[in-house]
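Worksheet for the structure shown next.
Quick caveat: nothing in here was measured; it's all calculated off a predicted structure.
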Amino acid sequence: MALLEVQHVRAYYSTRKGYIKAVDGVDLVQEKDVITGLAGESGCGKSTLVNTLMMNVKPPLHLMEGTIVLDGNAISKMDRATLKKKVWGVLVSLVPQSALNALMPTKRIIEYIDDAISHHMAVSNSEVASMARRRFEELNLPVETLTLYPHELSGGMKQRAVIAISTLLNPRLLIVDEPTSALDVSTQKQVLKMLLDLRKAQIIKSMMFVTHDIAILRQIANQIAIMYAGKVVESGSATDLLYDPRHPYTRGLMNAVVTPEPEVRKRGLISIPGEPPDLLEPPKGCRFHPRCSRAIETCRSVEPPLVREGSRHLACHNPLPA
């Protein structure tokens, strides 16, 4: 059984000009014991989808339709109080995109941990301290970090502390949203190693890793889903999508990434022409067709459904040959 099942989810932002269709008919499955990479350009709807998967939905964001089932629980039907008590931090936990700025400067790290645990169980200060020390030791983080304020930590240590706090109660699914985007290459490696260590230690078995950097997914993901303009356009194994993409947009993302393969270094980077569409008024048919060199007449008028093609799912009227 899948850990997370998302069926035809639409989540729109309300504005005075109309609805911004940030997530528009997404179907997605997160299997147990798998690291899924969710990738796409900035503004494609990744972070909105993440908040929707958590059911952290409040105006101006609205869940228009669809169902979200996590570990057998229909969380899309739960109220916010139930989500806080029974879902967030326990079934699913989020390391937000703004994790480096998520810590208030007036609270020590141990106080954040106390807040995170007390929402779900009655524990003494000594029990909280014991749980925190154990988790930091498991993740090879300096225990003295617990008594420090955020401003006393480096950017990388802040990021790793937020990850440690997010995993205190061993959630079934950890979602990390752009965890390496503000870090240097060396610190990125430390964060990625920490996430892999979480899985190796069986603290976190299933993970969704959200990024615009396809190269990072080569190092961490088993499965990949590609988003464009509020929709998933291709999904499948990391090997299939990284080395044999079928959707022209997926191929475009691959061509825009520096990799060590000789043929890639020889041809250089190839950018995707044009710009992502305005999601207030997205184009008819396939949303990628104004930028696609393989677009045919059907692409301009008929929206391609996401259908199974062998071992992957694909939404394209004129896919690249296998």
Side-chain angles (χ1 to χ4, degrees), residues 2-4 28-40 46-47 50 53-54 70-71 89-97 99-100 102 109 113 116 131-143 145 153-226 235-243 254 257-260:
L3 177 61
L4 174 69
L28 190 65
V29 174
Q30 166 77 43
E31 302 289 350
K32 294 179 180 178
D33 303 335
V34 165
I35 298 179
T36 297
L38 181 65
K46 302 187 302 293
S47 293
V50 162
L53 298 182
M54 294 278 296
L70 175 62
D71 200 28
V90 180
L91 293 181
V92 60
S93 195
L94 172 66
V95 179
Q97 186 172 2
L100 294 182
I109 299 301
I113 293 173
M131 290 175 68
R133 282 196 301 271
R134 185 165 59 250
R135 179 48 47 87
F136 271 55
E137 287 169 354
E138 288 173 334
L139 298 177
N140 296 313
L141 295 176
V143 174
T145 301
L153 306 178
S154 67
M157 186 58 72
K158 281 184 190 177
Q159 184 70 285
R160 284 180 283 165
V162 170
I163 293 172
I165 294 169
S166 300
T167 60
L168 281 168
L169 300 176
N170 297 6
R172 300 296 305 279
L173 175 64
L174 179 67
I175 302 176
V176 284
D177 189 4
E178 300 277 10
T180 59
S181 60
L183 304 175
D184 59 62
V185 174
S186 176
T187 308
Q188 284 182 10
K189 290 182 178 179
Q190 293 174 9
V191 170
L192 291 175
K193 182 180 183 301
M194 181 178 180
L195 292 171
L196 292 172
D197 286 346
L198 281 167
R199 192 161 182 262
K200 185 177 180 180
Q202 297 289 289
I203 294 170
I204 299 295
K205 296 182 180 180
S206 307
M207 193 182 307
M208 184 176 290
F209 189 100
V210 184
T211 184
H212 64 273
D213 189 345
I214 294 291
I216 286 179
L217 296 184
R218 293 172 180 261
Q219 305 172 52
I220 196 168
N222 311 113
Q223 300 282 322
I224 294 177
I226 303 294
S235 65
S237 73
T239 300
D240 282 349
L241 268 68
L242 289 171
Y243 299 103
M254 304 307 163
V257 173
V258 177
T259 62

d(Arg160 CZ, Leu141 CG) to nearest 0.5 Å is 6.0 Å
Would you check, one step at a time, whether the test side chain to side chain contact (heavy atoms under 4.5 Å, CB included) holds for Leu173 with Leu53?
CA-CA 11 Å; Leu173 175 64; Leu53 298 182; over 6 Å; no
Give me the atom names and distance for the closest heavy-atom approach of Ser206 to Asp33.
OG-N, 2.8 Å
Inspect the contact between Glu138 and Arg135 and indicate whether a charged nitrogen and a carboxylate oxygen are less than 4.0 angstrom apart.
yes
Which pair of heavy atoms, one from Leu168 and one from Ala116, lies closest together, and at what distance?
CD1-CB, 4.4 Å
State the CD-CG distance between Gln223 and Leu28, to the nearest 0.5 angstrom.
10.0 Å
The reported gap from CD1 in Ile35 to CD in Gln30 (rounded to nearest 0.5 angstrom) is 9.0 Å
Rounded to the nearest 0.5 angstrom, the CD1-OG1 distance for Ile224 and Thr239 is 8.5 Å
Closer than 3.5 angstrom, by distance alone: can the side chain of Gln159 be matched with the main-chain N or O of Thr180 as a donor-acceptor pair?
no
Is Lys46 reaching over with its side chain to a backbone N or O of Leu38, donor-acceptor style, under 3.5 angstrom?
no
Under a 3.5 Å distance rule, please check whether Ser166 uses its side chain to pair with a backbone N or O of Ser93 as donor and acceptor.
no
Heavy-atom distance under 4.5 Å between the side chains of Leu174 and Ile203, does that happen here?
no
Shortest non-hydrogen pair, Ala2 vs Val29, comes out as CB-CG1, 3.5 Å
Count the heavy atoms of every other residue, nucleotide or ligand shown that sit under 6.0 Å from NZ of Lys32, and state whether that count exceeds 12.
yes
Closest heavy-atom pair, Ala238 versus Ala221, reported as atoms and distance to 0.1 Å, is CB-O, 3.4 Å
Spatial distance of atom CG (Leu4) from atom CD (Glu31) [nearest 0.5 Å]:
10.0 Å
Using a 4.5 Å cut-off on heavy atoms from C-beta on, say whether the side chain of Val90 contacts that of Asp71.
no
How close do Met207 and Leu195 get, counting heavy atoms only, and between which atoms?
CE-O, 3.6 Å
Under the side chain to side chain contact (heavy atoms under 4.5 Å, CB included) criterion, do Met131 and Ile113 qualify, and how do the steps go?
CA-CA 9 Å; Met131 290 175 68; Ile113 293 173; 6.0 Å; no
Look up atom CZ in Phe209 and atom CD1 in Ile175, then write down how far apart they are to the nearest 0.5 Å.
13.0 Å
Restricting to non-hydrogen atoms, name the atom on Met254 and the atom on Leu241 that form the minimum distance, rounded to 0.1 Å.
CE-O, 3.2 Å
Evaluate the side-chain proximity of Arg199 to Ile204: yes if any heavy-atom separation is below 4.5 Å, no if none is.
no
